[in-house]
Trainee: 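The structure follows.
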Amino acid sequence: MHEKKSFFQLLMRSRLTVVGLIGVLIIVLMGIFAPFIAEKPKGYGSEILLPPSTNHWFGTDNLGLDIFAEVVWGARTSLFVSLVAVLVAIVIGVPAGMISGYKKGVIGSIIDSLIDIFLTLPILPLMIVIAAVIGSSILNVAVIIGIFSWPSLARVTRNATLKISELQFIEAAKCLGIPTGNIIFKHILLNIMGPILVNITLIMATAVLSEAGLSFLGLGDPTTWSWGVILKKAWENGAVIDTPNPWWWWFWPSVFVTFYVISFNLLGTGINDILNPKPND
Amino acid sequence: MRTIMCSAGCITRKEAVVMSEPIIEVKNLTKYFDVRKYLLGKRERVHAVENVLFELYESETLGIVGESGSGKSTLARLITGLLEPTRGKIIYKGIDITGSRRAYLNKIPKLIQMVFQDPYASLNPRIKVGEAIAEPLRIHKIVDKKEVRTEVERLLKLVGLQPEMYDRFPHEFSGGQRQRIVIARALALKPEVLICDEAVSALDVSIQAQILNLFNQLKEKLNLTYIFIGHDLSVVKYISDRIMVMYLGEIMEIAPAEELFNKKLHPYTQALISAVPDIEEENKRIILEGDIPSPINPPTGCKFHTRCFKKRKICEEEHPELKEVAPGHYVRCHFVG
């Protein structure tokens, strides 16, 4: 934390990272302050399928609900889903990756094989099946996504750990009698924060894609607004192929999904550039 | 002139060696690594260190030389307890510390410390150098919590750095400075034995001399005993009282430094010494053919026979023993003694 200021300054140095950071901030603020920005869309409205106007910035859907409000409340859902998914992925993935990277041997091999197996699983069909079986509350969806996200995080953590634990300062720490716990969770963790953070931002991004996908297939939580749910409703009501096309209905949620994914990716790349150890002169 | 001065100095040093007690006795130390190239492949056995037997005397500097792959570093890691030996014992002042990992986990670091080869890799890039030195102090409770910073500053001064450097990160330092930090960190636990594993090999020649002088100063100030591992014979000769020559995990020759250089009994020692550039004497270089053989299937008989210029039939068949040819001078060769 000592270099928080300089870290922030470094973050500001790359324009693309700033764009990513602003994007993430916009979404986070939208999510947190959704009730203050727009009323939660429910019931019916009288103005059906209106194009964007000053009254309804993003237009209205076939029930007369404001699409801007839906998108804002969708941000809240997307954030919730990706945060829970990331939390699940961190809790499983980081320790698994660090242990399998540090303890070469039977334990390491077992965890490594498990990561491999999970990485080869057909994720989307499995998510669909599990979501169908355990029911599609928004929390369930988030946890399912998290459970399928940890292998990539574990793999990244493992590779980074492998690389760091070969370095001499780890051997030096052992030689100085530093306990294994300190070695793993201080000496190694400090050095692999970069790849982990970057992977977390990627999981944030893909979690939203997965959620949108599941919702679109009807396996999301129908009682909550999410960008996938909006898209699904648009699709069900023929908004994508109808002429004249109510483009605003499918366009805005799609834009926000893309915006969300790109913002987190840009931020991740920026963090990666900064946190990667400086090359030795 | 140079020889006279040096040999005179060495005699006094040698006497000191003879007088003192062994601080570490290494008895038939052997380390094999079992490796598999593939998941279900055949296990292969790397003979890293084989039947190494020697004594380290208090306040001496024992140099260990040999090519890469000769088992020097493995030996160092066995003595510090970083690796567990396959066979053999390490006795520290009469106490068996072999397999020290559990019983002595807390004690070994305070007795034997190590300085590593690469000053760029042996400091954690994310930890301030002061904190790096403070960590072992805190974990082993060497000084009172409040005095940690003062102690670290004292150590920094001891190795010739400014105490203000406490709050800097390793990347702000040069190789030589980093090696000083690493030495300060190793000395934090007040060890009696310091193992320097190629501690100056990665440094520029001018910096090497500074660090070597630092080692000598520290030795006098703190009454340290050194094991100094290197592949540069002139460096090892400069700092060592005795020198041990290793090849494929075995001791080939061990003798007081001057004697080793003057007598050069083992053919491998001869080859190594002939490779040291010398301005005064024009010596014939003995060029060894090929590389050091794989330690997975070490040669039968004398391990050096595949490259030895004195090779005869007996060398392929019989494994020579380490023989004492003069007091304190041991050689492993069929044709010596």
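Bear in mind that the values here come from a model prediction, so they are computed numbers and not experimental data. By convention in this document, chain letters (A, B, ...) are assigned in the order of the sequence lines, proteins followed by strands, and residues within each chain are numbered from 1.
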Trainee: Among all residues two or more places apart in sequence or in another chain, which pass the side chain to side chain donor-acceptor pair (under 3.5 Å) test with A:S82?
Mentor: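 A:Y260.
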Trainee: Is the number of heavy atoms from other residues, nucleotides or ligands within 6.0 Å of NZ (B:K190) greater than 12?
Mentor: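 Counting neighbours around NZ of B:K190, more than 12 heavy atoms of other residues, nucleotides or ligands fall under 6.0 Å, so yes.
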Trainee: Given that the side chain runs from C-beta out, which part of B:R185 has a heavy atom under 4.5 Å from chain A: side chain, backbone, both or neither?
Mentor: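 Looking at B:R185, backbone and side chain both touch chain A.
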Trainee: Which atoms form the tightest heavy-atom contact between A:C175 and B:P109, and what is the distance?
Mentor: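 Here A:C175 and B:P109 meet closest at O-CB, 3.5 Å.
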Trainee: Quick check on B:K157: does its NZ atom have over 12 non-hydrogen neighbours (other residues, nucleotides or ligands) under 6.0 Å away?
Mentor: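 Count not over threshold, so no.
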Trainee: Can you tell me how far the CD1 atom of A:I178 sits from the NE2 atom of B:H140, to the nearest 0.5 Å?
Mentor: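 With rounding to 0.5 Å, CD1 (A:I178) is 5.5 Å from NE2 (B:H140).
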Trainee: If you draw a 6.0 Å radius around CD1 in A:I107, do more than 12 non-hydrogen atoms from other residues or ligands fall strictly inside?
Mentor: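 Counting neighbours around CD1 of A:I107, 12 or fewer heavy atoms of other residues, nucleotides or ligands fall under 6.0 Å, so no.
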Trainee: Once ring pair (Phe, Tyr, Trp, His ring centres under 6.0 Å) is applied, what residue pairs with a partner in residues 161-192 of chain A remain, sequence neighbours excluded?
Mentor: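 Applying ring pair (Phe, Tyr, Trp, His ring centres under 6.0 Å) to every pair that reaches into residues 161-192 of chain A, excluding sequence neighbours, yields nothing.
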Trainee: Heavy-atom pairs under 4.5 Å with chain A - which of B:D118, B:I112, B:V182, B:V115 has more of them than the others?
Mentor: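 If we count pairs closer than 4.5 Å to chain A, B:D118 comes out on top.
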Trainee: Would you give the length of the straight line joining atom CD1 of A:I164 to atom CZ of B:R126, rounded to the nearest 0.5 angstrom?
Mentor: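 If I round to the nearest 0.5 Å, the distance is 8.0 Å.
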Trainee: For B:L189, which atoms come within 4.5 Å of any heavy atom of chain A: side chain, backbone, both, or neither?
Mentor: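 Answer is side chain: those atoms of B:L189 sit under 4.5 Å from chain A.
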Trainee: Can you tell me how far apart CG (B:N124) and CD (A:Q168) are? Round to the nearest 0.5 Å.
Mentor: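 If I round to the nearest 0.5 Å, the distance is 13.0 Å.
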Trainee: So which atom in B:P125 and which in A:N191 form the shortest heavy-atom distance, rounded to 0.1 Å?
Mentor: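 B:P125 and A:N191 have their closest heavy atoms at CG-OD1, 3.3 Å.
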Trainee: Is there side-chain contact between A:E171 and B:M114, with heavy atoms separated by less than 4.5 Å?
Mentor: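 No, too far: nothing below the 4.5 Å cut-off.
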Trainee: Just verifying a value: how many Å separate A:L176 CG and B:Q113 CD, rounded to the nearest 0.5 Å?
Mentor: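 If I round to the nearest 0.5 Å, the distance is 4.5 Å.
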Trainee: Would A:K186 and B:I127 count as a side-chain contact (heavy atoms from CB on, under 4.5 Å) if you check the C-alpha gap in whole Å, the side-chain angles of each, and the deciding distance to 0.1 Å?
Mentor: CA-CA 10 Å; A:K186 180 177 166 193; B:I127 294 180; 3.8 Å; yes
Trainee: Please check if atom NZ in B:K89 has more than 12 non-hydrogen atoms from other residues, nucleotides or ligands closer than 6.0 Å.
Mentor: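 Atom NZ in B:K89 is not crowded, with 12 or fewer foreign heavy atoms closer than 6.0 Å.
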